[in-house]
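We use all heavy atoms of the structure for the numbers below, so side chains are in, but hydrogens, waters and symmetry mates are not. To find a chain, count down the sequence lines: A is the first, B the second, and so on, and within it residues start at 1. Just so it is clear, the model here is predicted, and its values are computed rather than measured.
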There are 4 protein chains.
Amino acid sequence: MVDKPAPDATRRSERSRRAIYDAALALVAEIGYPRTTVEGIAARAGVGKQTIYRWWPSKADVLLEAFLDLAEEAAREAGHQPYEIPDTGDLAADLKAVLRATVDELLDPRFDAPSRALAAEGLVNEELGRRFVAHLLEPQLQLYVRRLRAAQERGAVRPEVDPRIALELFVSPLAQRWLQHTGPITHAYTDTLVDYALYGIAPR
Amino acid sequence: MVDKPAPDATRRSERSRRAIYDAALALVAEIGYPRTTVEGIAARAGVGKQTIYRWWPSKADVLLEAFLDLAEEAAREAGHQPYEIPDTGDLAADLKAVLRATVDELLDPRFDAPSRALAAEGLVNEELGRRFVAHLLEPQLQLYVRRLRAAQERGAVRPEVDPRIALELFVSPLAQRWLQHTGPITHAYTDTLVDYALYGIAPR
Amino acid sequence: MVDKPAPDATRRSERSRRAIYDAALALVAEIGYPRTTVEGIAARAGVGKQTIYRWWPSKADVLLEAFLDLAEEAAREAGHQPYEIPDTGDLAADLKAVLRATVDELLDPRFDAPSRALAAEGLVNEELGRRFVAHLLEPQLQLYVRRLRAAQERGAVRPEVDPRIALELFVSPLAQRWLQHTGPITHAYTDTLVDYALYGIAPR
Amino acid sequence: MVDKPAPDATRRSERSRRAIYDAALALVAEIGYPRTTVEGIAARAGVGKQTIYRWWPSKADVLLEAFLDLAEEAAREAGHQPYEIPDTGDLAADLKAVLRATVDELLDPRFDAPSRALAAEGLVNEELGRRFVAHLLEPQLQLYVRRLRAAQERGAVRPEVDPRIALELFVSPLAQRWLQHTGPITHAYTDTLVDYALYGIAPR
DNA sequence: CCGTAATCGAGACGGTACGTCGCGTCTTGTG
DNA sequence: CACAAGACGCGACGTACCGTCTCGATTACGG
């Protein structure tokens, strides 16, 4: 196993990196992930193919980084502090608010195409799947874990409930409807999910 | 809009169809979906490529039909009556039993590889995704709808609860963990899901 | 070496045979020999492919027979007696007349396309080439041999001259110009050929 | 009319070009032109198919260039000066000598297979035919034109004779016998042709 | 501040698979 | 039994991209 001598990252062209991100996201949005090719990204970015292969092992990795970059930038715009689920004391209301915002994001085509593509690739490409989960999904889910734990400490959730499992009661149904088109995703729907699920983990 | 004259299905070679199903499923299991090619399926099945393209538009469609055929055959083996979730009167016990069986199936590599591949393809290929859901997923989910409705009539579930949404409380978390590797899937896990979720939709 | 049992020629469909000839000649004239296919001939003739393969081993053979049939028919039209080069006593005049008629025929697209195609196929397919020569070319050349021999007996050609070689002096140049487009073919040209060549074989 | 951007010829791989020439000539000699495929040439040359299609539009063009290259190389070996028909003063002897050499070449399978294939293709493919004639055939014929003109100036040939036509009297018969197998080609035969034809154009 | 080594754009290369066309054989009714 | 229709196994077509590999031209550092 001989690895290439790693390229010198300090000499890397920032302009190219950005152009590649933009081209990748644009192409996935325009023509879909499967018809997006490394060659196409390079041409659109005005970049040699080798410049892509020098820094990323595959088009999936390019897209993952591009999307992470996009998410980071969006977060920076939305307020510089690390994101956190609000805690007004009313768990149901807080969860409903967050899920409504998530619904809006999932319906935004700017996010839909690339994240759906990455999710799809992740199903079949184990390695990428893990990175997708670790860098994008799990950090989001941990926000729910923290919020649920806070509620637990105040007695709004039964103490023996595992928050990591509990959060799936309202997050996973939404995820599945979105990914697999098994049903419409609306604010009313997520409200209902919270209503059903929260009572299940409340003290009896 | 010129469509080819549709081939004459009555002349179709049953032997080839079966060989193609077998080859497709075997290859996906052995080398994975992305490295499975139409050419490879044809070669393994001892069939001309054109015989595949005559009847299916893409490898995803071949695999979908092959998998539907497999599922149908498995159902036929397991007893000829249409499958139904058992109703012992104890909703929690019944759901746990069914979900445990589902867990076992999801861990069986014979089902895992092709169904994961189809799910992945379905994320990105809308048309195929709808067929995947309509022919494989939704029929399963309707079994839960019926079982929950029966429980509802007996007062074990609140009357205003929508069973189609309620079932997602325990099915979707399992689906997500399986698809996205967001956590281990075990009998204990699905038992917990039922415990959490069922109380949420029970009469208060 | 097992030959198929030969099909029963008495039951052969005359209508199909004619339709195949017509279709073959028409297609070669319209789209050229290489783009003419057995499938295309069958479709155009309203005939099953097997009906072609039952009676001919290849498309070249179909075309050869079709062309022989055409030539025969043309000959029948032009007068029922077996064709012969006229003998007015003036060898030069007779040869010029015949060659002028040949030029006209070579320029007729009804003959040009198929005979050129057959010639081409014959270059590369030895077996067909021999049949082409034996059935079409050589019979024509033998007419010249007979006419030259008659002239020889009358002392218009040196006795030791081989007529089979002598005829090539004016026939082959025309053939080459036609086949390989190495020069224009006109009445003046063939007249000149006869002038040059005939003097070479005349008594000195 | 959208033409591809022409590939950059300065970047062309000389090694590949030579390997393709060699493979094409070898295959045509070994298995014949019709059974020679672009795929086969690529495989034998250890080259991607695209590398062939990048530089040539068809296998006929590959073979034409390969053969031109071969002819050029053979000429280079045989002495660097441009080839010319010898002029000993004895026209008949000179022509006989050259034609005998031509006979030997036509019987050499190294030349026979590819040039026969090219001639055949040229009959049916007009464009290629013209290139075949212009680059291979006509230059040879012009040698005869020059030699005949020299003879004419010395009074060995009638002044009103057109050398371009006269040369066909001995060249075309040989060509036809070779191409169409209408008769054996030997030294005796070409000697006879010269004897017959030359007298026809000599002063009377 | 200037040589020089790395990255860059460009794109040719050896490959693999694509989806199509046509081959020649085989199969299935029909007259 | 020949026929029309056409599905079949097969092989080649010409194209699209893959990931690797040169090529100068550009660039930014370290002597």
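Between the side chain of A:R11 and the base of F:dT27, at least one donor-acceptor pair of N or O atoms lies under 3.5 Å. One cannot find a donor-acceptor pair under 3.5 Å joining the base of F:dG9 and the side-chain atoms of B:K49.
Residue whose closest nucleotide on DNA chain E sits further toward the 5' end, between B:K59 and C:K59: B:K59. The residue among D:R54 and C:Q50 whose nearest nucleotide of DNA chain E lies closer to the 5′ end is D:R54.
Within the structure, every pair that satisfies the salt bridge (Lys or Arg N to Asp or Glu O under 4.0 Å) test and touches residues 38-48 of chain A, not counting sequence neighbours, is listed here: A:E30-A:R44, A:E39-A:K49.
The CZ-C1' distance, from C:R17 to F:dA2, rounds to 15 Å in whole Å. Rounded to an integer number of Å, the gap from A:W55 CH2 to F:dT20 P is 15 Å. Remark: C1' of E:dT27 and CZ of B:R15 are 14 Å apart, rounded to the nearest angstrom. Rounded to a whole Å, the CD atom of A:E14 is 14 Å from the C1' atom of E:dT7. The nearest whole Å value for the distance from the CZ atom in B:R12 to the C1' atom in F:dG9 is 16 Å. Spacing between atom CD1 of A:I52 and atom C1' of F:dC18 amounts to 12 Å, rounded to whole angstrom units. For D:D8 and F:dT22, the CG to C1' distance is 12 Å, given to the nearest whole Å. Between the C1' atom of F:dA7 and the CH2 atom of B:W56 lies a distance of 13 Å, rounded to the nearest Å.
In this structure, D:R12 satisfies the cation-pi test against D:W55, with its NZ or CZ atom closer than 6.0 Å to the six-membered ring centre and inside 45 degrees of the ring normal.
Closest approach of C:P34 to D:V124, counting heavy atoms only: CG-CG1, 3.3 Å. In this structure, B:T36 and B:K59 approach most closely via the heavy-atom pair O-NZ, 2.8 Å.
Less than 4.0 Å separates DNA chain E from at least one heavy atom of each of the following residues of residues 24-48 of chain C: C:T37, C:V38, C:E39.
Considering only side-chain N and O atoms, A:T51 lies under 4.0 angstrom from the phosphate OP1 or OP2 of E:dG9. Proximity of D:S16 to the phosphate of E:dA12: no side-chain N or O atom is located under 4.0 Å from OP1 or OP2. The phosphate of F:dC23 has neither OP1 nor OP2 within less than 4.0 Å of any side-chain N or O from D:T10.
With respect to C:E73 and C:R18, a salt bridge is recorded, a charged nitrogen being found less than 4.0 Å from a carboxylate O.
Between A:D61 and A:R131, some side-chain heavy-atom pair lies under the 4.5 Å cut-off.
For B:Y53, the listed nucleotide lying nearest its side chain is E:dC18; candidates were E:dC18, F:dC8, F:dT22. Comparing atom distances between the A:S13 side chain and each of E:dA12, E:dG15, E:dC8 picks out E:dC8 as nearest.
The 12-atom threshold is not exceeded at CZ of A:R15, counting heavy atoms of other residues, nucleotides or ligands nearer than 6.0 Å.
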